[in-house]
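Contents: one structure, followed by commentary.
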Amino acid sequence: MTNEKQTQNQNVDQYIDENKLIAQRRTKLKMLREKGNAFPNSFRRDSYAQDLQEKLSDKSKEELVELKHFAKVAGRIMARRGPFLVMQDMTGRIQTYIDRKKLPKDLVQDIDTWDIGDIIGVEGPIHKSGKGDLYIMMQSVVLLTKSLRPLPEKFHGLTDTEKRYRQRYVDLIMNAESRKVFAMRTQIIQYLREFLLARSFVEVETPMMQVIPGGATARPFETHHNALDIPLYMRVAPELYLKRLVVGGVERVFEINRNFRNEGLSTHHNPEFTMVEFYQAYADYHDLMDLTEEMLRGICNEVLSTTSIQYGDDTYDFSKPFARMTVKESILHFNPKLTEADLDNFGNAKIVAENLGIPTKESYGLGKIQIEIFEKTVEGKLKDPTFITAYPTEVSPLARRNDENPFVTDRFEFFVGGHELANGFSELNDPEDQAERFEAQVAEKDAGDDEAMHYDEDYIHALEYGMPPTAGEGVGIDRLVMLFTNSHTIRDVILFPHMKPYPGVGELSSKGIKAVK
RNA sequence: GGGUCGUUAGCUCAGCUGGUAGAGCACCGGGCUUUUAACCCGAUGGUCAUAGGUUCGAAUCCUAUACGACCCA
C-alpha cells in the first residue's frame, strides 16, 4: 500500500504542468492500463434507470426482496452518499449500494479509487432503502471509462453561461433542465415532421450551397468551389428549390434543415438556424394559416400537454382561435393617433416614420415605410398568437399580389410574444410578374442594399413551365422551441451555438487543435 | 456599433476606504457505513482574464485588450 502511494506521488510529479486533480486521475488511469484493458467495452445493460424507477417504485421493500428483479445498468457516477453511488444514464438516475462486507476486498479497494464522473456498469437485484429509494444491490461492477476531468460541484452544477455553451457536454451531464430543453426540441421537430407526412407532404433535401442565393432578403455566407473555380453561397432559404419541385409535380413538399445568414448574433439570431418550409399546391394563404393553427395547437396538446404557454411573465392561450389582422389595421390599432390617410400617402407616411426616429432611405417606397413603422410600433406588442396579413408587395418579392389590391400580397406573418415565428403566402406563380420583381430587387442591390435578392433566371425558367396555384410557409424552429421551452435566448435551444473563439483557439499546434481551457 | 456589468481554487461564490488569498462542494488522508446537497476530523490546492500604469505596497485604483451577460440602435 505504501509502495503504491509512493508510485502515485511520483506519477503526479510527471503531470505537474496539469491541474492536480487531473494529474491524480491520470495516475489512476495509468494504473488501470497496467492492470489490463482500461477501456473495456464488454458490458451490456438490460435496463435504464428511469424505466426501473417507473416500474418498481410502487413496490414495497419486502415485495422487491421477493421479486428478485435483477438489472444491469450502466452510467456515470454523479455522487457518493454514504455507501451508495448515484448513477446517471440517458433516462435518469438510480443508486447502487456497496456492501463492503460481502463484496470481494480487492473490488472494494478498486471502488474506493473511483471518482465522480467515471462510467461504470453494475449488476444486481433491485432493492429499496429505508428512506424509500430504489437501489441496485451491487453484485458485480466494472469500471468502463475513467473520467480525467472533475465535474462541476454537484449542487450548483454548471451555471457559467459561457461554459454551458462552449462545453455543452458538461452542461448536458450536469443540468437536467438543459437535457429537457433539447429533448423537447427533438419532440417538437418530430411532431412537425409527422404532422406534414400525415398530410401527404413529401420530405426532400435541396442544396445548401447555391450558385445564386435566393428565397429571402438576407446577406449570405460566401464560399468557393475549387474544382469549378466558382463562388458558392450557403443558402439563406430553400424556397426557390422547393417551388421548382412543385413545378416538377411534387405538389406537397417540405424540408426541415438549416439556413445560413451572415448577420449579427443576438438572443434571437444565430448565423445558422433551422427552418421547416412547406409548400402545398391548390391552396392559398388562408389554408396555411388554418394549417399553422392546427399544427401549433397540436404541438401544445401532444408535446406539452397544455395550450396555456408560460413565457417569462406572460401566458399565451393557444386554445383560442389566433387573432388575424392586416399590417395596416395593426398599425392603426397600436397607434390610435394615426389615420388611414397617414399610412396611404407616401409623403405623410414618411413624416410619420421620421417622427418615430426611423431613418428612411431614398429607395424606400410606401410599402417599405409602412413595414418600418410596423416593426417599430407593432411587432414587439404582438404577444398573443396573431397572424398579420396583407404585406406590401414592395417587401414581398416572391408572394402573389392580392386580387383586389395589388399594392399588397396574399401573405401573412405569425407572431407570439412579440417575435416573428412564421412567414407564409400564396406563391407568385406568374413568371412575368416574378421577373419584374426580381428586376426591382436587382435595382435595390445596385443601389447598395446587399440583402436584396439576385435575379434567378433558372427559377423564372421553371415558372414558365407552369407552377400550379400554391401556398408556402416557413417556420423558424429555434424560436418555436424557445417559446415552448420558456427559453429567452436562442443559445439555450441550439446545442452548439456560435461563440466568438478565443484568440488562438482552433489554430493547429504540435498538440493538435487548441481547446478551450 | 454604443452603454452598463462581469472574469478570484476543478465548480459555486466571499474578499470593506490599497497592507500580501478565503468559504462550501470536489479532490487527498483518516473515521463512519442504508445514504438523500450523506456526515465527522485533518491536509492540499491560486499567473486574482491578459498587458501596462499609479504606489513603499494592487485581487482592490487607472488605461488598454480579450471573452461573456444584459440593455439600446
Side-chain angles (χ1 to χ4, degrees), chain A residues 1-2 4-6 8-9 11-13 15-28 53 57 61 64-65 76-88 93-103 108-109 111-118 124-138 146-167 170-171 173-176 263-269 312 356-359 372 375-376 380 488-492 497-506 514 516-517:
Chain A
M1 197 65 182
T2 25
E4 251 176 48
K5 270 181 201 161
Q6 281 169 2
Q8 223 170 25
N9 287 338
N11 286 331
V12 169
D13 289 344
Y15 300 109
I16 201 151
D17 57 320
E18 260 187 334
N19 178 300
K20 183 180 147 195
L21 300 177
I22 297 173
Q24 281 167 350
R25 290 175 176 224
R26 237 181 245 288
T27 303
K28 290 178 182 175
Q53 300 282 12
S57 282
K61 251 174 114 162
L64 283 170
V65 169
R76 193 184 290 277
I77 301 173
M78 295 304 292
R80 301 184 92 114
R81 287 198 293 248
F84 292 91
L85 294 179
V86 181
M87 296 168 64
Q88 173 172 293
R93 289 183 173 196
I94 193 161
Q95 5 176 53
T96 181
Y97 178 73
I98 305 159
D99 189 335
R100 308 183 80 91
K101 284 173 191 146
K102 285 192 184 145
L103 289 166
V108 173
Q109 262 178 19
I111 292 171
D112 284 339
T113 69
W114 294 352
D115 292 295
I116 288 170
D118 289 355
I126 308 296
H127 287 185
K128 197 176 225 176
S129 75
K131 303 278 171 67
D133 267 9
L134 291 186
Y135 65 88
I136 304 169
M137 173 62 82
M138 184 188 288
K146 183 73 202 164
S147 169
L148 295 179
R149 290 184 181 273
L151 287 173
E153 183 234 341
K154 65 196 164 194
F155 187 58
H156 297 91
L158 185 70
T159 62
D160 184 291
T161 47
E162 190 175 349
K163 280 197 178 124
R164 285 187 48 233
Y165 301 143
R166 289 191 196 270
Q167 302 180 47
V170 180
D171 178 42
I173 291 169
M174 297 307 299
N175 297 322
E263 294 160 0
L265 291 85
S266 81
T267 51
H268 284 77
H269 298 86
L356 286 165
I358 298 167
E372 292 286 332
E375 287 179 358
K376 175 96 180 187
H488 295 261
T489 157
I490 200 168
R491 289 178 163 171
D492 283 337
H498 281 278
M499 303 285 282
K500 199 166 176 179
Y502 288 123
V505 171
K514 277 190 205 168
V516 181
K517 278 191 181 173

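Per chain, numbering begins at 1; letters A, B, ... match sequence-line order. Every value quoted in this text rests on a predicted model; they were computed, and no experiment measured them.
- At B:G68, one or more side-chain N or O atoms of A:Arg166 fall inside 4.0 Å of OP1 or OP2 (strictly under the cut-off).
- For the P atoms, the distance linking B:G10 with B:G46 amounts to 8 Å, nearest Å.
- Residue A:Arg491 is classed as a sugar-phosphate contact, given heavy-atom separations below 4.0 Å to backbone atoms only.
- A:Gly264 comes within 4.0 angstrom of no nucleic acid atom, judged by non-hydrogen atoms across all strands.
- Side-chain N/O atoms of A:Lys163 include none lying less than 4.0 angstrom from OP1 or OP2 on B:A49.
- Two residues, A:Asp115 and A:Met499, neighbour RNA chain B, and the one matched to the more 5' nucleotide by heavy-atom proximity is A:Asp115.
- Taking each heavy atom of A:Leu265 and A:His498 in turn, the nearest pair found is CD2-O, 3.3 Å.
- In this structure, A:Ser129 reaches the bases: a heavy-atom distance under 4.0 Å links it to at least one base atom across the strands shown.
- Not a single donor-acceptor pair, N or O on each side, falls under 3.5 Å between the base of B:U35 and the side chain of A:Tyr97.
- Contacts of A:Arg25 with the nucleic acid, taken as non-hydrogen atoms under 4.0 Å apart, are absent.
- Figure legend. B:G18 is base-paired to no nucleotide; pairs are counted as Watson-Crick or G-U wobble with both atom distances under 3.5 Å.
- In this entry the distance linking CD1 of A:Ile77 with C1' of B:U35 reads 15 Å, nearest Å.
- Of the possible donor and acceptor atoms, none in the side chain of A:Lys61 sits under 3.5 Å from a partner among the backbone N and O of A:His127.
- As rounded to whole Å, 17 Å separates atom P of B:A26 from atom CG of A:Leu158.
- B:G6 is paired with B:C67 under the criterion used here, namely a Watson-Crick or G-U wobble arrangement in which both key atom distances are under 3.5 Å.
- If you check B:U54 for Watson-Crick or wobble pairing at under 3.5 angstrom, you find it has no partner at all.
- Under a 3.5 Å cut-off, the side chain of A:Asp112 and the backbone N or O of A:Gln109 do not form any donor-acceptor pair.
- A donor-acceptor pair under 3.5 Å links the side-chain atoms of A:Lys28 to the main chain of A:Thr113, judged by distance alone.
- Figure legend. B:G1 is base-paired to B:C72; pairs are counted as Watson-Crick or G-U wobble with both atom distances under 3.5 Å.
- For A:Thr161, no side-chain nitrogen or oxygen approaches OP1 or OP2 of B:A69 to under 4.0 Å.
- Distance A:Arg80 CZ to B:U34 P: 15 Å, rounded to the nearest Å.
- As a whole-Å value, the separation of A:Asp171 CG from B:U12 P is 12 Å.
- Separating the NE2 atom of A:His268 from the P atom of B:C72 is a distance of 12 Å, rounded to the nearest angstrom.
- Using a 4.0 Å cut-off, no side-chain N or O of A:Arg81 falls inside it from OP1 or OP2 of B:U36.
- Closest to the side chain of A:Thr159, from the set B:U34, B:A37, B:C13, is B:C13.
- Along RNA chain B, the nucleotide nearest to A:Gln95 and the one nearest to A:Gly82 differ in position, and the one closer to the 5' end is contacted by A:Gln95.
- Base pairing of B:U12 is made with B:A23, judged by Watson-Crick or G-U wobble geometry with both donor-acceptor distances under 3.5 Å.
- For A:Leu21 and B:A26, the CG to P distance is 12 Å, given to the nearest whole Å.
- A sub-4.0 Å separation between OP1 or OP2 of B:U35 and a side-chain N or O of A:Lys131 is present.
- Counting any heavy atom pair closer than 4.0 Å across all strands shown, A:Met78 reaches no nucleic acid atom.
- Of the side-chain N and O atoms in A:Lys154, one or more sit less than 4.0 angstrom from OP1 or OP2 of B:A38.
- Here A:Lys500 lies in heavy-atom contact (under 4.0 Å) with sugar-phosphate atoms only.
- Here B:G46 sits opposite no nucleotide as a Watson-Crick or G-U wobble pair (both hydrogen-bonding atom distances under 3.5 Å).
- As a whole-Å value, the separation of A:Asp112 CG from B:U33 C1' is 12 Å.
- Both distances falling under 3.5 Å, in either a Watson-Crick or a G-U wobble arrangement, occur for no nucleotide opposite B:A59.
- The backbone N or O of A:Leu158 lies less than 3.5 Å from a partner atom in the side chain of A:Asn175, making a donor-acceptor pair.
- The C1' atoms of B:C70 and B:C62 are separated by 25 Å, rounded to the nearest whole Å.
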